[in-house]
Amino acid sequence: MLASLVTIIIVFAVVDFFLFLKYYFEGRFDLVRFVKTVQEAGLLVHLRIGPYACAEWNYGGFPVWLHFIPGIQFRTTNDLFKNEMKRFLAKIVSLMKDADLFASQGGPIILAQVENEYGNVEWAYGVGGELYVKWAAETAVSLNTSVPWVMCQQEDAPDPIINTCNGFYCDRFTPNSPSKPKMWTENYSGWFLAFGNAIPYRPVEDLAFSVARFFETGGTFQNYYMYFGGTNFERTAGGPLVATSYDYDAPIDEYGFIRQPKWGHLRDLHKAIKQCEEFLISSDPTYLQLGKNLEAHIYYRTSNKCAAFLANFDSSLDANVTFNGNSYFLPAWSVSILPDCKNVIFNTAKVVSQRNLHGVSFSGTTSVNEFSLASSAWSWYKEEVGVSSNHSFIKPGLLEQINTTKDNSDYLWYTTSINVKESIAPGQEKEAFLHIGSLGHAALVFVNKRLVGFGFGNHEDASFNLSEKISLNQGDNTLDILSMMVGLQNYGPWFDIAGAGIYSVILADLKKSSKDDLSSGVWTYQVGVEGEYIGLDKISLANSSLWIQGNRLPINRSLIWYKATFLAPEGKGPLSLDLASMGKGQAWVNGQSIGRYWPAYLAPSTGCTTNCDYRGAYDASKCLRNCGQPAQTLYHIPRTWVHSGENLLVLHEELGGDPSKISLLTRTGQEVCAHVSEADPPPADSWQPNLEFMSQSSQVRLTCEQGWHISMINFASFGTPRGHCGTFNPGNCHANVLSVVQQACIGQEGCAIPVSTARLGDPCPGVLKSLAIEALCSY
């Protein structure tokens with residue numbers, strides 16, 4: 001049976017480690033409550049316990065304290081690691097069993113997963129990796145969940161563990177045993193976002209093609225990663241440099257809004273596959289070659305009853321094929337679904353579902369309200385550069401950052417003194433070159449408390465070198481380096497020991513051609529910055545006298561904290577904070593961290609496409625937008641985090657920005673549109689066996705977000721309308737069907753209009769016509 005399923009990826013929910021583990025499953029970390037909520041919604045669960053998660057989550061989902069157990073080695077045959085992993089697996093399974101949540105107990109959990117994508121890195125662990133895989137499988141099975149266990153991307157998964165596929169395409173995947181089903185645990189609906197990179201997106205035509213090809217070739221289970229986008233609140237985003245938004249171009253975006261046409265086209269695909277269900281579970285597919293890069297897979301229930309998938313996997317050439325004596329047109333890189341081996345009820349390349357006028361939830365003018373914070377009474381606190389005596393310590397040489405901070409903060413101060421012994425004329429300074437090498441991820445450099453440089457890496461390579469010409473005074477000079485993390489490494493072999501922070505500091509004399517290696521000298525350190533120790537992000541300090549307020553708001557300053565209050569806009573929907581005017585830092589609303597921001601880091605100016613061709617194999621760099629722009633400027637504020645009256649906004653700005661230009665956005669409406677031709681197939685869910693399917697009419701279907709209603713029809717034309725959503729105009733053949741559409745749709749959450757001359761009239765007999773509609777949804 002085809003059913004809707006939720007995948008739950010679990011990270012170590014641990015708050016402390018001394019002699020025993022203290023697990024935390026309260027509040028929004030209540031796993032049992034979440035699984036029960038999933039069940040109440042009529043969904044099933046694939047419980048991916050891991051404990052390694054990846055998920056672009058900080059440290060791959062592991063708690064950092066695990067790294068500091070003496071002698072531990074992650075994800076290999078190491079007893080210390082295996083003990084902690086087994087304890088965690090047993091804890092999660094026990095929680096689920098005690099709440100009767102496994103399928104055998106009447107619960108929604110039908111699958112469980114141990115480890116994650118270990119096969120991609122197993123080579124790096126040698127024999128220890130092979131033994132670890134066997135141990136992980138045996139340990140999982142011993143927990144007696146009564147549901148199957150899987151390992152994704154694990155070709156050597158031992159029986160009875162099912163090895164599964166992750167990727168953009170899995171139609172060519174074959175399990176390691178004929179007794180195991182062909183399963184796809186991660187079909188990437190898009191890709192994750194990194195600071196300094198353009199925004200990746202995946203055309204829905206290609207995504208639908210990959211799903212149809214999978215089921216065409218014998219697939220049994222397919223899961224989207226992600227179907228509902230998310231947000232990496234606090235400092236949970238992985239690294240290096242993974243952005244706060246984890247929207248992933250998912251069918252439901254990180255704010256909970258439906259992304260069209262991706263959601264609608266996949267809905268239609270799912271309905272078409274559902275129509276084939278009885279055939280898919282009755283037999284294995286029969287292969288039939290139809291031509292070069294053309295093939296069919298047929299599922300028989302009886303000798304004369306079947307369902308078929310017709311595929312054209314050529315990346316550029318459309319084709320006409322003959323199947324069962326009938327001719328079919330197959331666009332390049334597409335699959336047609338025929339639930340009766342006769343009628344095409346869906347083609348992956350033909351998108352007839354509605355679209356959003358704007359691709360981003362908080363864009364557009366008629367459906368978004370913007371509230372400027374320019375008039376807010378801003379306060380500020382300017383941090384001192386360098387360490388403070390209360391929290392500093394002295395060590396010889398340069399310390400690795402993660403082992404020093406233990407991820408209690410993104411920041412580590414490195415401070416030393418440079419002594420210039422030679423005589424310098426009054427009013428003159430000595431010039432030198434400062435060369436700094438860092439493992440990542442970014443660093444501010446101050447000489448004599450003045451900012452002289454900023455260096456940073458990127459997601460692909462977080463390390464960097466920074467060279468700056470500096471001026472020194474006679475005698476002692478201070479060198480302060482603030483090294484900054486942007487998420488701990490979350491993927492790769494031995495990712496858990498990847499380092500960060502400053503590893504080399506060399507001072508070059510311009511006149512003498514000599515170099516002074518400061519790396520092995522004495523350094524003073526401080527974990528965290530001043531404002532963190534004070535607790536400036538806390539609500540309890542909102543009225544503290546530490547905050548300064550005046551007529552001239554200091555802007556474009558490094559290492560400064562800002563505070564303001566705002567009134568939450570009316571409504572129940574999520575809010576978005578526009579931080580485009582800021583540089584780099586972190587933000588809090590009512591004491592809740594909404595994550596890291598870095599609008600000052602622009603993506604490369606080239607590499608984006610206005611219209612990405614869905615045809616041909618997709619990868620994460622194929623379809624990009626926002627070249628030359630920040631990866632992220634809008635930050636999600638859940639409505640439950642604000643309240644009536646004044647709400648507190650706190651920013652820690654590292655580079656420099658202008659908080660007076662920050663604004664708060666809320667959605668008040670949704671502009672939708674659709675354009676469907678008479679030649680398009682009727683909706684997939686209207687197909688019934690033994691009925692003449694193509695005698696039915698195609699339809700324009702419009703749907704608003706739940707609780708919203710169609711309040712206005714901005715355009716409606718039947719004939720030969722031209723243009724695209726937002727730019728529609730009547731063609732040479734035009735019937736004004738505004739009143740018909742208004743009558744059917746106004747005040748409704750959704751409506752359907754048959755694309756039929758019987759309903760809409762015939763403005764030009766003998767001409768192929770289409771219906772184009774633009775509408776506004778409001779709550």
Centroid separation Phe362 to His636 less than 6.0 Å:
no
At their closest point, which heavy atom of Leu655 faces which heavy atom of Gly583, and how far apart are they?
CD1-C, 4.3 Å
Side chains of Ile402 and Leu488: closer than 4.5 Å at any heavy-atom pair?
yes
Under the criterion side-chain contact (heavy atoms from CB on, under 4.5 Å), which of Leu634, Leu373, Leu664, Ile662 is the partner of Asp578?
Leu634
What pair of heavy atoms forms the shortest contact from Pro240 to His441, and how long is it?
CB-NE2, 3.7 Å
Residue pair Val32 / Ala99: nearest heavy atoms and the distance that separates them
CG1-CB, 3.8 Å
Heavy-atom closest contact (Asn356 atom, Ile258 atom, distance):
ND2-O, 3.2 Å
When the aromatic ring centroids of Trp708 and Tyr779 are compared, is their separation below 6.0 Å?
yes
In this structure, is the centre-to-centre distance between the rings of Phe715 and His675 below 6.0 Å?
no
More than 12 foreign heavy atoms under 6.0 Å from CG of Asn611: is that the case here?
no
Could you check whether Arg667 makes a cation-pi contact with Phe257, meaning its NZ or CZ is under 6.0 Å from the centre of the six-membered ring and within 45° of the ring axis?
yes
Classify the angle between the aromatic ring planes of Trp561 and Trp588 as parallel (below 30°), tilted (30 to 60°) or perpendicular (above 60°).
parallel
Parallel, tilted or perpendicular for Phe195 and Trp598, by the 30°/60° rule?
tilted
Ring centroid separation Tyr248 to Phe228 under 6.0 Å:
no
Taking every heavy atom of Tyr411 against every heavy atom of His652, the minimum-distance pair comes out as OH-ND1, 3.2 Å
Say whether Glu254 and Ser245, considering side chains only, have a donor N or O and an acceptor N or O under 3.5 Å apart.
yes
Go through it in stages, so that I can follow the logic: the residues are Arg33 and Glu26, the test is salt bridge (charged side-chain N to carboxylate O under 4.0 Å, His left out), and I'd like the CA-CA distance, side-chain angles, deciding distance and then a yes or no.
CA-CA 9 Å; Arg33 180 185 174 190; Glu26 306 297 328; over 6 Å; no
Where the side chain of Glu530 meets the backbone of Glu384, is there a donor-acceptor pair that is under 3.5 Å apart?
yes
Would you call the rings of Tyr597 and Tyr635 parallel, tilted or perpendicular if under 30° counts as parallel and over 60° as perpendicular?
perpendicular
Go through the side-chain N and O atoms of Ser660 and Asp658 and say whether any donor and acceptor fall under 3.5 Å apart.
yes
Are any non-hydrogen side-chain atoms of Leu602 and Gln629 less than 4.5 angstrom apart?
no
Give the C-alpha distance, both sets of side-chain angles, the deciding distance and a yes or no for side-chain hydrogen bond (donor to acceptor under 3.5 Å, both in side chains) between Thr231 and Tyr246.
CA-CA 5 Å; Thr231 308; Tyr246 204 67; over 6 Å; no
Asn58 and its side-chain hydrogen bond (donor to acceptor under 3.5 Å, both in side chains) partner, picked from Asn232, Asp407, Asn490
Asp407
Where His459 and Ala194 come nearest, the two heavy atoms and their spacing:
CB-CB, 3.7 Å
Using a cut-off of 6.0 Å, state whether more than 12 heavy atoms not belonging to Asn729 lie near its atom CG.
yes
Heavy-atom side-chain proximity of Asp268 to Leu266 below 4.5 angstrom
no
Proximity of Tyr201 and Trp191 rings by center, below 6.0 Å:
no
Would you sort out whether Glu653 and Lys563 count as a salt bridge (charged side-chain N to carboxylate O under 4.0 Å, His left out), showing the intermediate values?
CA-CA 11 Å; Glu653 175 56 47; Lys563 175 183 74 75; over 6 Å; no
